Trainee: 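Take this structure, written in structure tokens, and hold onto it; I'll ask about it next.
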Amino acid sequence: MKRRRTIYEGKAKILYEGPEPGTLVQYFKDDTTAFDAKKRAVLEGKGVLNNRISEYLMMQLQAIGVPTHFVRRLNMREQLIKEVEIIPLEVVARNVAAGSLSARLGIQEGQPLPRSIIEYYYKNDQLHDPWVSEEHITAFGWASPQDLDDIVNLTIRINDFLSGLFLGVGIKLVDFKLEFGRLWENEFMRIVLADEISPDSCRLWDIQTNEKLDKDRFRRDLGGVTEAYSEVAKRLGILPESAQGSGGPVLVR
Ligand code: UDP
């Protein structure tokens, strides 16, 4: 196979030069890291599952009019995406207390929040992705007030939509992380959803048992990481070997 130029290699994905200008190929690795990459593992099949889950969620979001970088899935591990200028923020939306919010503010994990909360982290490995406010973001020019306005509105829509989508398959969307990019079309710029949405970037709990179906299984050494990711895929109806064999989402009452 022809060697492709690597544009960027991250912890869980690689971006290659795309087939035409303005496109990239996003490759999902099996590598998993946590705690500033101090904890590492290779989880066989994880990249394949995240590629499928992220494809599905991005397409559902596009169907309700959320602009994304996603074009189409190319194969088991790769998807074609539009090249965007990544905004250096991790945008976290939370519905239930967990993770760093519980640790920082002493709110018990699992407690529903009085309302959904959006937080921002500055994407910078050397600084360990510090928590920042809108003031920092606009003062340092990481995003303009207009960009932030778009980011907040999109994040609220995405949270509402995905909360309902997951609820329908018996999963509580506890929190998740999004990344956005600037997409230039002639002289016009649009903020679009980028990166991925998968159990690597979401907390997903079974609605009945609160069993974790996400990367916390890896962070907390709970085992069964890829099994949990494939359970998410099965419930979303995107694994052909779904127990129900229906091919559609599995409604859980
Ligand atoms: N998250 C992520 N990448 C990061 C940090 C967080 O995808 O670099 C996700 C994480 O999986 C969770 C949400 O963002 O769904 C909130 O994470 P939190 O701030 O609680 O941090 P953590 O406990 O993961 O360190």
Side-chain angles (χ1 to χ4, degrees), residues 8-13 26 28-41 43 46-47 49-51 53-54 57-58 61 68-69 86-113 115-133 136-137 142 151-152 154-156 158-159 161-163 165-167 171-181 193-206 210-222 225-226 228-229 232:
Y8 174 81
E9 176 152 8
K11 289 177 272 242
K13 296 191 292 295
Q26 179 166 254
F28 288 74
K29 300 195 273 188
D30 284 342
D31 303 38
T32 303
T33 66
F35 310 120
D36 264 340
K38 287 198 270 291
K39 180 170 178 161
R40 294 166 176 273
L43 300 169
K46 187 214 50 153
L49 288 161
N50 280 357
N51 186 24
I53 294 170
S54 197
L57 297 175
M58 290 273 178
L61 286 164
T68 85
H69 73 160
I86 288 286
I87 293 170
L89 295 175
E90 300 202 334
V91 180
V92 169
R94 301 182 182 273
N95 302 306
V96 175
S100 71
L101 178 116
S102 293
R104 204 186 306 118
L105 304 179
I107 298 168
Q108 203 189 354
E109 189 157 272
Q111 190 167 309
L113 298 171
R115 63 180 179 88
S116 300
I117 292 174
I118 298 178
E119 297 171 351
Y120 310 98
Y121 296 84
Y122 177 44
K123 258 171 82 78
N124 184 313
D125 280 341
Q126 277 180 328
L127 299 174
H128 316 292
D129 299 345
W131 197 15
V132 294
S133 71
H136 298 108
I137 295 166
W142 301 323
I151 287 171
V152 170
L154 286 170
T155 302
I156 292 168
I158 293 166
N159 184 39
F161 179 76
L162 291 184
S163 292
L165 184 147
F166 279 116
L167 189 62
I171 292 174
K172 197 188 291 180
L173 179 59
V174 170
D175 57 31
F176 59 96
K177 184 263 301 182
L178 301 175
E179 294 186 29
F180 293 91
L193 178 64
D195 194 50
E196 71 179 295
I197 308 180
S198 73
D200 268 3
S201 60
C202 302
R203 284 196 171 91
L204 304 168
W205 296 358
D206 180 83
N210 279 344
E211 187 190 354
K212 296 181 200 309
L213 301 172
D214 57 61
K215 193 169 160 183
D216 271 350
R217 297 205 73 84
F218 170 68
R219 295 189 188 97
R220 302 181 190 188
D221 292 320
L222 299 174
V225 186
T226 43
Y229 287 31
V232 172

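In this text the structure is predicted, and so the values were computed from the model without any measurement. Remember, it's 1-based here, ligands and their atoms both numbered in the order they're listed.
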Trainee: For ligand 1, is any non-hydrogen atom under 4.0 Å from V92's backbone (N, CA, C, O), its side chain (CB onward), both, or neither?
Mentor: side chain

Trainee: Using a strict cut-off of 4.0 Å, indicate which atoms of ligand 1 neighbour a heavy atom of G99.
Mentor: 20 (O), 23 (O)

Trainee: Test your reading of the structure: does E119 have an N or O sitting under 3.5 Å from an N or O of ligand 1?
Mentor: no

Trainee: State whether K172 and D206 are salt-bridged, where the test is any N-O pair (Lys NZ or Arg NE/NH1/NH2 against Asp/Glu carboxylate O) under 4.0 Å.
Mentor: no

Trainee: Ignoring hydrogens, just give me the one of K11, R219, R104, E179 whose non-hydrogen atom is nearest atom 11 (O) of ligand 1.
Mentor: R219

Trainee: Regarding N159 and N95, do their side chains bring together a donor and an acceptor under 3.5 Å, going by distance alone?
Mentor: yes

Trainee: Kindly indicate whether atom 6 (C) of ligand 1 is approached by any protein heavy atom to under 4.0 angstrom.
Mentor: no

Trainee: Is a side-chain donor-acceptor pair under 3.5 Å present for R94 with S100?
Mentor: yes

Trainee: Assess the side chains of D200 and Y229: does a donor N or O sit below 3.5 Å from an acceptor N or O?
Mentor: yes

Trainee: Using a 4.0 Å cut-off to any heavy atom of E90, which atoms of ligand 1 qualify?
Mentor: 3 (N), 4 (C), 5 (C), 8 (O)

Trainee: Please confirm whether K215 approaches ligand 1 to less than 4.0 Å, judged on its heavy atoms.
Mentor: no

Trainee: Give me the nearest non-hydrogen protein atom to atom 17 (O) of ligand 1 as residue plus atom name, then the distance to 0.1 Å.
Mentor: R203 NH1, 3.5 Å

Trainee: Does the protein come close to atom 20 (O) of ligand 1 - that is, does one of its heavy atoms sit below 4.0 Å from that atom?
Mentor: yes

Trainee: In terms of side-chain geometry, is the basic nitrogen of K123 or D129 positioned less than 4.0 Å from the acidic oxygen of its partner?
Mentor: no

Trainee: Short list, please: which atoms of ligand 1 are under 4.0 Å from a heavy atom of Y121?
Mentor: 19 (O)

Trainee: Record the part of A103 in heavy-atom contact with ligand 1 below 4.0 Å; permitted values are side chain, backbone, both and neither.
Mentor: neither

Trainee: Give the contacting part of D200 toward ligand 1: side chain, backbone, both or neither, where contact means a heavy-atom distance below 4.0 Å.
Mentor: backbone

Trainee: Where does R94 meet ligand 1, judged by heavy-atom distances below 4.0 Å: at the side chain, the backbone, both, or neither?
Mentor: side chain

Trainee: Does a salt bridge link E109 with K212, judged by any charged N lying under 4.0 Å from a carboxylate O?
Mentor: yes

